Amino acid sequence: MRHRAPDLYASLLSWWAHHGRRDVPWRLLPGGRQPGPDDVLPTYPVWVAEVMLQQTRLAVALPFWRRWLDRFPDLASLAAASRQDVLHAWQGLGYYARAQQLHGVATQLAAAKRQLPADRAGLERLSGLGRTTAASIAATVGNSADPILDGNVRRLLARLLAFPAPPRQATALFWTMVELLLNGRRARDFNQALMDLGALVCRPRAPLCRCCPWQRHCHAYAKGIQQQLPVRPTPTPIPRFVVGVGVVLDRQGKVLIGQRQPDGLLGGLWEFVGGTQEPGETMAATVVRALWQNVGLAVAVGPELLRFDHAYTHRRLSFVVYLCRPVAGDARPVVNQQVVWVWPHDLHRYPFSAAHIRIIQALRERSGQT
DNA sequence: TATTCGTGGTA
DNA sequence: TTACCAAGAAT
C-alpha cells in the first residue's frame, strides 16, 4: 500500500510557490537574486537569523537582524565585538542568552581560526542550536535533506492527525512524520513552505482551512475540531510580585545603575536597583531595603516616578519606581556584577531590558519638563 | 521530564 | 485587563 506523503509534498510546494512569504531572511540576503536549488548561501547571516527567530516572530526579528548584520557583518566582526556591544544590539529582543551564545561561538571559532560549519551535525554541536535550528540552517544554506520540527510544524501536524494531547508528547512521532514527508528530498523550500503554511493558514487561532492545500487530508478539519487543536498543556499558575525600584540621583545629577550577573534572567543587562515587596512592607521600605541590601547604600525615598506592569513568561511584575537621594554609604556591587554612576544622557550606552528602558524614558520625560 | 529563559501583538 | 503565544534550547 502506498502512503500519501508524495501527494502532501507536492500540494504543499505548489501552494507555497504562490503564497509563500517573500520577507524571510534567506530570501532577503544581499545580492537579491532568488537562490536556485544548487546555490549555497552564506552561513553567518542565516545562523544569526535562525537564532533570532527562536521563539520570536518573523516581523519582530527582521529589523534586529538587519541592524545586527549592519553592525556585525561577518563572524570576525562579531568575534571582535565586546559583550556589551553584542547585548546592546540584542536589546529588546529577549532571551538574552542567545546573544551571548552567538558571541561565544564566534569568539571560539575565531580563536581556532575556523569558520561556521554548514552541515546539521556540525551546527548542532554549537551552543544555542538544537536539532530544529541546526536543520533549518543546514537546509537553508546548502539545501540539505534536513526537515525541521518547530512550533508551526507541531501545530500543523497536531491538527493534521487530530493529535489528542499536547504536541510535545508527539515529538518522536512528528520527527518521523516530517522525515517521511520530506522523503530525502532537499529541504530549503520544503521547510520554508511548512512554516509559511503554519504562519499564514494553519494559524494558532482562526485557521484558514478554506485556503489550505492539506484540507482534505486533515483529521481535525474532518472532525471540525481545528479550533480546539493543538491541545494546550495545563497552564501552571504565574506568580505575581510588586517590585520597588529606586532611581538614585546624586548631587551631581548622576544616576546609579548595576549590571546583572551574566547568567539567569536578563543576564548581563543593566538595571536600576530594586527588589520585590515583602508582606507587610510599604513600597518605600522595599526600596530602602533593596538599595541597602543590593548595593550597600542608604537612601531617602523621594517622589514616585512611574508605575507599570510588566509580564515575563513565568512571572508578572508590577513596578513602582521612585526617585531617591543617597544618604550614607558607598555604592558597591553585592548582587550585581558591578555598579556605576552615570550621567543620564549616557544611559543609552548600556544595554537594558524593556522594563528599564521604560524607566529611562520616564526619566527623560521628567527631566525635559523641569 | 519540567522549568526557565523576554517581548509585544492580538483577541 | 487578561491570557495566549511565537522559526526552541539548556539544564
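Keep in mind the model is a prediction, meaning the values are calculated, not measured. Throughout, a chain's letter reflects where its sequence line sits, starting with A, and its residues are numbered from 1.
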Practice problem: For C/dT1 and B/dG8, measure between their C1' atoms and round to the nearest Å. | Solution: 16 Å
Practice problem: In whole angstrom, give me the gap between the C1' atoms of C/dC4 and B/dG6. | Solution: 15 Å
Looking across every strand, which nucleic acid part, if any, lies under 4.0 Å from [X] by heavy atom: base, sugar-phosphate, or nothing?
| X | result |
| --- | --- |
| A/Arg154 | nothing |
| A/Leu93 | base |
| A/Gly267 | nothing |
| A/Arg232 | sugar-phosphate |
| A/Ala97 | nothing |
| A/Arg155 | sugar-phosphate |
| A/Arg203 | nothing |

Exercise. Assess whether one donor atom and one acceptor atom, taken from the side chain of A/Thr313 and the base of B/dG6, lie less than 3.5 Å apart.
Key: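 Pair found.
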Exercise. Rounded off to whole Å, could you give me the CG-to-P distance for the A/Leu265 and B/dT3 pair?
Key: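 Spelled out: CG on A/Leu265 to P on B/dT3 is 18 Å.
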Exercise. Might you confirm whether atom CH2 of A/Trp341 has over 12 heavy atoms from other residues, nucleotides or ligands at distances under 6.0 Å?
Key: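 Check passes, neighbour count above 12.
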Quiz item: Does NZ or CZ of A/Arg131 fall inside the cone over A/Trp175's six-membered ring, less than 6.0 Å from its centre and within 45° of the axis?
Solution: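 Satisfied, under 6.0 Å and within 45°.
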Quiz item: Starting at the 5' end of DNA chain C and moving along, which residue's nearest nucleotide shows up first, A/Val24 or A/Leu129?
Solution: A/Val24
Quiz prompt | Euclidean distance, A/Met195 CE relative to A/Leu53 CG, rounded to 0.5 Å | solution = 8.0 Å
Practice problem: Answer with yes or no whether the side chains of A/Gln337 and A/Gln261 bring together a donor and an acceptor at under 3.5 Å. | Solution: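 Side-chain D/A pair, A/Gln261 to A/Gln337: absent.
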